Amino acid sequence: MKLEQLMEGVPFTLVQGSLDTEIADIIYDSRKAAPGLLFVCIVGTQRDSHAFAADCAAKGISALVIQHDIDLSTLPGVTVVKVESSRYAMALMSANLFGNPARQMTMIGVTGTKGKTTTTHMIKSVLEAAGRKVGMIGTNGIYYMGRHKDTANTTPESYELQKTFREFLDAGCDTALMEVSSQGLMMDRVAGVHYNVGVFTNLSPDHIGPGEHKTFEEYRSWKGQLFKRCDVGVVNIDDENTEALLEGHTCRLVTYGRAEQADYRETGFELLRTHDFLGVKFHVTGKDEMDVKVNMPGEFSVYNALAALAVGKVLGLPDQAIHDGLGKCVVKGRVELVPISKKFTILLDYAHNEVSTESLLTTLRAYKPHRLVVVFGCGGNRSKLRRYGMGEICAKMADFSILTEDNNRFEKVEDIIGEGLDIHHMYKTQDERREKVEKILEKVGLAPEHAERYPHQFSGGMRQRAMIAIALGARPKLLLADEPTTALDVTIQDQIMKLLNLLKQELGMSIILVTHDLGVIAQMCDRVAVMYAGQIVEMTDTVTLFSRPRHPYTYGLMGSLPNEETAGTTLEAIKGSPPNLAHLPEGCPFSPRCKY
């Protein structure tokens, strides 16, 4: 293709050479330079590839596109054109190179902070149920006609994007469906692409930081650009940012959500759960009325499904295709159920910021799990706000969190965990936790190797000491102990109680003991809750408890006191006026009507 044809629609200035120069392909990686190619010099966030222009000329490159002036003396015989934005120029040139394939397909773009991937998969499922042949591009890669390829970015660079559109068209696709990221819009990866339908899911702070967006307002503004490049905008009417995001839009709007004015409105949903299914069912009113069942859990699945439903309606797809498509859709890495056992449920999800993590855990909590365990990490060279937010949310909402590595890029894994996930109740590394445990073991009189032993390998009071030390390794504010001195001889009982008192004083922690041992209560407790038949029947302080007479059963418990001195003192203290305990049931040992 001649350079003149390649530059069609691109404002440019011919600096040197001829527009009749034949161009075989476009590159923006100088390492691929070769005769017959055109190299686009891009000013990137990390480096300016104008610096490689001379190297490319030396390798025989035919033409260069530049954004700012360079030394032309090193480029003899090379055609040079200058443009205002080399990224924008590359997008239009790539479209021309591949024959403008996007103009020959139905184009659908989905943008938003959360839900882009799930929504695109749902739309794809609905379209295919209606018999459409769909090519899809997004976070999970490129899919078309049974094929799959990975991609480095949610929205690929413009050259790869236009090449992919060409592949879609050549394979027989009539529809191209893609996630449109704010970065993709800002960096002109989708420049020159016009969409039949644009979709907005929701918006919250994300991608704000070095190499991304400077402010949330900038982030929102770039998201909104999609609705100046489409015929119909399908938008979430409930999102608080919708109005600001749509400022200056040029498309017709179709809305979905829960607001009464929504074109497609959800009026009630039901959570569905079995050992191998986690989903939701809901009713839609507005421009149409139908019941929908989705093979994905939670409230956010309702919104994603509403968006897919609205797109189907805009494109005139039959209701049955919408039902079938939403009912069978499964998205890799998006609350993806992994069938392992009937005893527990494993889900995989891509949640990678505070908002999506909170939304995910809130959704899972709604299904009332017995225990919620979260395994997560954070990527490197991205906004640290994500790390802080995810760590805090998991600490608050999960029963147990396991911190692991993600794609650390150019950062050290320990730095990511240390800076972003160093939150209350968590150590930066296992080594730090082990060091703390060993110090506590030393405090309770045990050697460091006791940290590696299992409970059955301890004897006497060693088990209690080790378990207390390991528990304290989690930096608790509260320690709950069930019969901490049971089955120990008097001397060891005394040692364990002194140890607990010492830790209580030194660490400033609270201790709750569940025990029938009045000796433990006398030595350690400030207040006592007396339980009978699963209910608290009396709440008092320890001094009051031992300053009044009790039923003989109470005296019988005195035998558990660890030494004669304490027992004598306690027995002497409980002489006095009898309290009014007539309200207690006969079976309670603190009741005067007790028969035992």
Side-chain angles (χ1 to χ4, degrees), residues 105-112 114-148 168 171-180 195-201 232 234-236 254-257 262-266 269-272 276-337:
M105 296 182 286
T106 299
M107 299 296 298
I108 304 171
V110 181
T111 196
K114 301 176 296 179
K116 293 190 299 296
T117 300
T118 302
T119 300
T120 52
H121 277 264
M122 286 182 171
I123 294 171
K124 178 175 182 289
S125 186
V126 167
L127 287 166
E128 290 178 337
R132 303 287 286 266
K133 294 179 173 58
V134 184
M136 183 176 70
I137 303 170
T139 305
N140 282 354
I142 298 169
Y143 296 84
Y144 66 104
M145 308 299 285
R147 306 172 202 175
H148 173 254
F168 286 175
C173 293
D174 53 50
T175 305
L177 168 65
M178 64 180 294
E179 297 178 46
V180 183
Y195 297 90
N196 299 91
V197 183
V199 182
F200 168 59
T201 59
V232 181
V234 174
V235 299
N236 177 0
V254 173
T255 59
Y256 66 90
D263 295 319
Y264 297 97
R265 180 187 176 206
E266 177 264 307
F269 71 93
E270 176 186 352
L271 302 178
L272 305 174
D276 61 350
F277 180 87
L278 216 58
V280 65
K281 181 171 68 175
F282 63 95
H283 185 70
V284 180
T285 61
K287 286 190 173 182
D288 206 337
E289 189 156 344
M290 65 174 71
D291 290 312
V292 178
K293 182 179 178 181
V294 182
N295 189 27
M296 295 181 198
E299 184 177 1
F300 53 74
S301 294
V302 173
Y303 276 93
N304 296 336
L306 279 172
L309 180 151
V311 170
K313 288 295 182 181
V314 167
L315 296 176
L317 305 183
D319 286 357
Q320 192 59 50
I322 294 173
H323 277 289
D324 294 346
L326 293 177
K328 67 182 181 182
C329 181
V330 176
V331 184
K332 183 179 180 181
R334 295 302 187 278
V335 206
E336 179 187 0
L337 193 145

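Everything numeric here is computed off the predicted structure, so don't read it as measured data.
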Quick one: does [X]'s side chain get under 4.5 Å of [Y]'s, heavy atoms only?
X      : Y      : result
Thr118 : Phe300 : no
Tyr303 : Thr201 : no
Glu289 : His283 : yes
Met122 : Leu326 : yes
Leu272 : Glu270 : yes
Asp319 : Lys313 : yes
Lys124 : Val134 : yes
His323 : Met290 : yes

From Leu177, Val234, Val180, residue fulfilling side chain to side chain contact (heavy atoms under 4.5 Å, CB included) relative to Val110: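 Between Val110 and the candidates, side chain to side chain contact (heavy atoms under 4.5 Å, CB included) is satisfied uniquely by Leu177.
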Qualifying residue, where the test is side chain to side chain contact (heavy atoms under 4.5 Å, CB included) with Leu306 and the options are Asn236, Val284, Val311: Val284
[X] and [Y]: which non-hydrogen atoms are nearest, and at how many Å?
X      : Y      : result
Gly109 : Tyr195 : N-CD2, 3.5 Å
Met145 : Ala171 : CE-O, 3.7 Å
Val199 : Ala307 : CG1-CB, 4.1 Å
Tyr144 : Gly135 : CB-CA, 3.8 Å
Ala130 : Leu317 : CB-CD2, 3.9 Å
Ala129 : Gly325 : CB-N, 4.0 Å

Backbone N or O of [Y] within a donor-acceptor pair of the [X] side chain at under 3.5 Å?
X      : Y      : answer
Asn196 : Met107 : yes
Thr255 : Val235 : no
Thr120 : Thr117 : yes
Lys116 : Gly112 : yes

Step-by-step side chain to side chain contact (heavy atoms under 4.5 Å, CB included) determination, Thr175 to Met105: CA-CA 5 Å; Thr175 305; Met105 296 182 286; 5.9 Å; no
In Å, rounded to the nearest 0.5 Å, how long is the span from [atom1] of [X] to [atom2] of [Y]?
X      : Y      : atom1 : atom2 : answer
Phe282 : Arg265 : CZ    : CZ    : 13.5 Å
Met136 : Cys173 : CE    : SG    : 11.0 Å
Ser301 : Arg334 : OG    : CZ    : 12.0 Å
Met178 : Ile142 : CE    : CD1   : 9.5 Å
Glu336 : Leu278 : CD    : CG    : 13.0 Å
Ile322 : Leu127 : CD1   : CG    : 9.5 Å

Between Thr119 and Asn304, a side-chain donor and acceptor under 3.5 Å: yes
Intermediate values then yes/no, side chain to side chain contact (heavy atoms under 4.5 Å, CB included), Val302 and Val294: CA-CA 8 Å; Val302 173; Val294 182; over 6 Å; no
Full working for side chain to side chain contact (heavy atoms under 4.5 Å, CB included) between Leu315 and Ile108: CA-CA 10 Å; Leu315 296 176; Ile108 304 171; 3.8 Å; yes
Tyr143 and His148 aromatic ring geometry - parallel, tilted or perpendicular at 30°/60° bounds: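 Geometry flag for Tyr143 against His148: tilted rings.
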Step-by-step salt bridge (Lys or Arg N to Asp or Glu O under 4.0 Å) determination, Lys133 to Asp174: CA-CA 6 Å; Lys133 294 179 173 58; Asp174 53 50; 5.6 Å; no
